[in-house]
Enquirer: 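Provided herewith is a single structure, encoded as structure tokens, for subsequent inquiry.
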Amino acid sequence: MNQKELKELIEFLIEKDIAEFELERGDVKVKIKRGGQHTVVQARAEAPYAAVTVPQAVAPAVAASAASVPAAVPAAEPVPEENLHIVKSPIVGTLYEAPSPGAPPFVKVGDMVEVGQVLCIVEAMKLLNEIESDVAGEIVKKLGGNGQPIEYGQELFAIRAKK
Amino acid sequence: MIFPFLPHNHRIKKTGKTRSTRLSRTKSAAPHEQPTDVRLGRLVRLLMEHATVVVSGTKIAQEISSNRTEVWRLIQQLRGLGVDVAGHPATGYQLKSVPDLLLPEILGPLVRGTIFDNQLHHFYKIGSTNTAAMAAAAEGAPEGSVFLAEEQTAGRGRGSNSWESERSAGVYCSVVLRPALPPSDVLVITLAAGLAVRAALVQVEPRVTVDLKWPNDVLIKGKKVCGILAEMHAEVMRVRHIVVGIGLNVNQKSFPKEIENEATSLRMETGSECSRVEVAAALLKSLDGEYRALVEQPDAQKPILRRFAEQSSWARGKKVYIEDSAPRIEGTTEGLDAQGFLQVRTAQGLQRILSGTVRAK
């Protein structure tokens with residue numbers, strides 16, 4: 001989850017007036033508490049977050065910290081020394097690496113991709129969702145298998161962002 | 001090869017515009033794309049207004065700001081689309097019957113008050129209405145934009161499937177939607193689209209019994225009369241746009257050998273010709289109703305799931321297998337789960353089907 005997604009998540013929580021939200025997936029943990037005079041954002045992830053401004057009328061106090069949660073949970077996978085960008089699925093569905101059976105895959109490990117380039121398709125109930133890259137960079141890892149079921153928010157690709 | 005059109009969307013430049021008009025005409029057309037000449041719509045309207053008299057070529061030319069040669073060409077084009085026009089350049093022209101074309105001039109007045117009002121884009125011939133709609137949506141086409149074609153040269157289905165789209169025989173249309181919902185809440189739209197088609201067919205042709213097969217195949221006597229393919233462009237928390245493509249067989253008299261056992265049309269089931277305009281209008285109105293309910297009513301998913309289960313003979317107790325599933329999934333359907341996925345009771349237990357073609361065992 002990058003800063004933009006976090007911001008969107010917070011906006012969504014405000015829009016739906018959700019007071020408390022906690023999400024834990026892999027090595028990412030996000031906890032957001034709204035309401036009263038304070039909005040607290042706690043996040044610990046593979047990438048440190050900068051302070052996030054929360055658009056809220058009642059002068060929110062924002063705390064964004066990469067180390068404020070006690071007892072650090074060891075990452076499930078060895079964290080690479082660099083920060084890889086992770087592309088996730090917005091829906092539950094079936095992953096397709098190619099536009100049609102037998103066709104070459106949209107991308108391979110080692111490919112350079114641009115922002116907006118299609119990486120794969122996740123299909124649910126004949127609704128095809130083209131997953132695009134939101135960064136430019138190199139595909140380092142494919143995290144899902146062709147034809148495999150994908151859960152909401154599941155990691156699909158790791159991309160080394162172009163500097 | 002149909003699907004290769006899909007990845008091309010990403011090359012379309014995304015402008016920051018949220019609205020743009022005349023999308024179908026201003027953008028450079030794909031090889032197969034023939035945006036409809038605006039004068040054709042005016043010509044049809046003129047002939048319809050003077051249905052009982054012969055209108056001279058000169059008068060038509062004046063009214064639609066053209067010349068007599070062009071009028072002749074347009075008349076020939078109309079005839080090519082199956083419109084019965086009497087006369088020739090020397091005598092003038094007269095309509096022999098109301099044309100059954102999906103032109104904005106004809107269909108537009110029938111969809112007033114819906115989200116599709118004033119947003120109809122018509123093509124004689126197009127590769128795929130879904131591809132055109134996705135491209136237009138990426139460029140900012142507003143919600144409710146409709147792309148209609150008399151003929152598709154590369155109509156698409158799932159995977160590498162194509163959609164047979166004989167000229168002026170069916171309704172081939174794709175609509176652009178921009179629901180303010182997270183992607184996970186929007187999946188049931190594909191079920192809702194099937195419900196909308198079923199309702200439209202039952203309204204236009206009460207004689208037929210229409211069934212639904214998960215997720216949204218529309219069947220008459222077990223044969224497919226309509227297929228729906230939806231495409232979405234979404235971020236994790238937000239849908240940018242969804243295109244719902246609908247291919248509805250109306251007046252086909254037969255289908256190619258490869259699909260004749262699976263496909264049917266309204267005409268083949270009822271024995272009489274049907275107004276495509278009427279079908280398209282009923283379809284867009286019922287789609288409008290389903291869509292508004294989904295985005296405006298809280299907890300709108302439940303009634304969609306309930307109605308699907310009521311109207312589909314496939315939802316429960318049907319012995320099925322999933323095509324191309326490996327390992328093969330087969331068993332008895334056991335309703336939909338809370339998200340709309342089909343549940344099948346197999347020897348291994350209850351399985352949730354995310355995608356794929358359901359076939360009767």
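Each chain gets a letter, A, B and so on, in the order the sequences are listed, and its residues count up from 1.
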Enquirer: Nearest 0.5 Å, please: how far is CD1 in A/I121 from OG in B/S355?
Expert: 11.0 Å
Enquirer: Where on A/L127 is there a heavy atom nearer than 4.5 Å to chain B: the side chain, the backbone, both, or neither?
Expert: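 Both backbone and side chain of A/L127 come within 4.5 Å of chain B.
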Enquirer: Between B/R240 and A/E130, does at least one N-O distance fall below 4.0 Å, as a salt bridge requires?
Expert: no
Enquirer: Measure distances from B/P183 to the heavy atoms of chain A and classify the residue's part below 4.5 Å as side chain, backbone, both or neither.
Expert: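 For B/P183, heavy atoms of backbone and side chain both lie under 4.5 Å from chain A.
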Enquirer: Is it true that a side-chain atom of B/T190 and a backbone atom of A/M125 form a donor plus acceptor pair closer than 3.5 Å?
Expert: yes
Enquirer: Closest approach of A/I91 and B/S184, non-hydrogen atoms and distance?
Expert: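 Distance-wise, the nearest heavy atoms are CG2-N, 4.2 Å.
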Enquirer: So which atom in B/D217 and which in A/K126 form the shortest heavy-atom distance, rounded to 0.1 Å?
Expert: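 In this case the closest contact between B/D217 and A/K126 is OD1-NZ, 2.8 Å.
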Enquirer: So which heavy atom on B/L354 is nearest to which on A/P149, and how close?
Expert: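 Scanning both residues, the minimum pair turns out to be CD1-CB, 3.5 Å.
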Enquirer: Looking only at heavy atoms, what is the nearest atom pair of B/A234 and A/N129, with distance?
Expert: N-OD1, 3.9 Å
Enquirer: Nearest 0.5 angstrom please: B/E235 CD to A/E132 CD, how far?
Expert: 9.5 Å
Enquirer: Side chain, backbone, both or neither: which part of B/L342 has a heavy atom under 4.5 Å from chain A?
Expert: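 Neither part.
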Enquirer: Out of A/A124, A/G93, A/P90, A/P101, return the one with the most heavy atom pairs under 4.5 angstrom to chain B.
Expert: A/P90
Enquirer: Supply the atom-to-atom distance B/R158 CZ to A/S100 OG, rounded to the nearest 0.5 angstrom.
Expert: 12.0 Å
Enquirer: Taking side chain as everything from C-beta outward and backbone as N, CA, C, O, which of these in B/I353 sits under 4.5 Å from a heavy atom of chain A? Side chain, backbone, both or neither.
Expert: neither
Enquirer: How long is the gap from NE2 on B/H233 to CG on A/L128, to the nearest 0.5 Å?
Expert: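 Between atom NE2 of B/H233 and atom CG of A/L128 there are 14.0 Å.
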Enquirer: Is the shortest heavy-atom distance from the side chain of A/Y152 to the side chain of B/P182 under 4.5 Å?
Expert: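 In short, these two side chains do not touch, never coming nearer than 4.5 Å.
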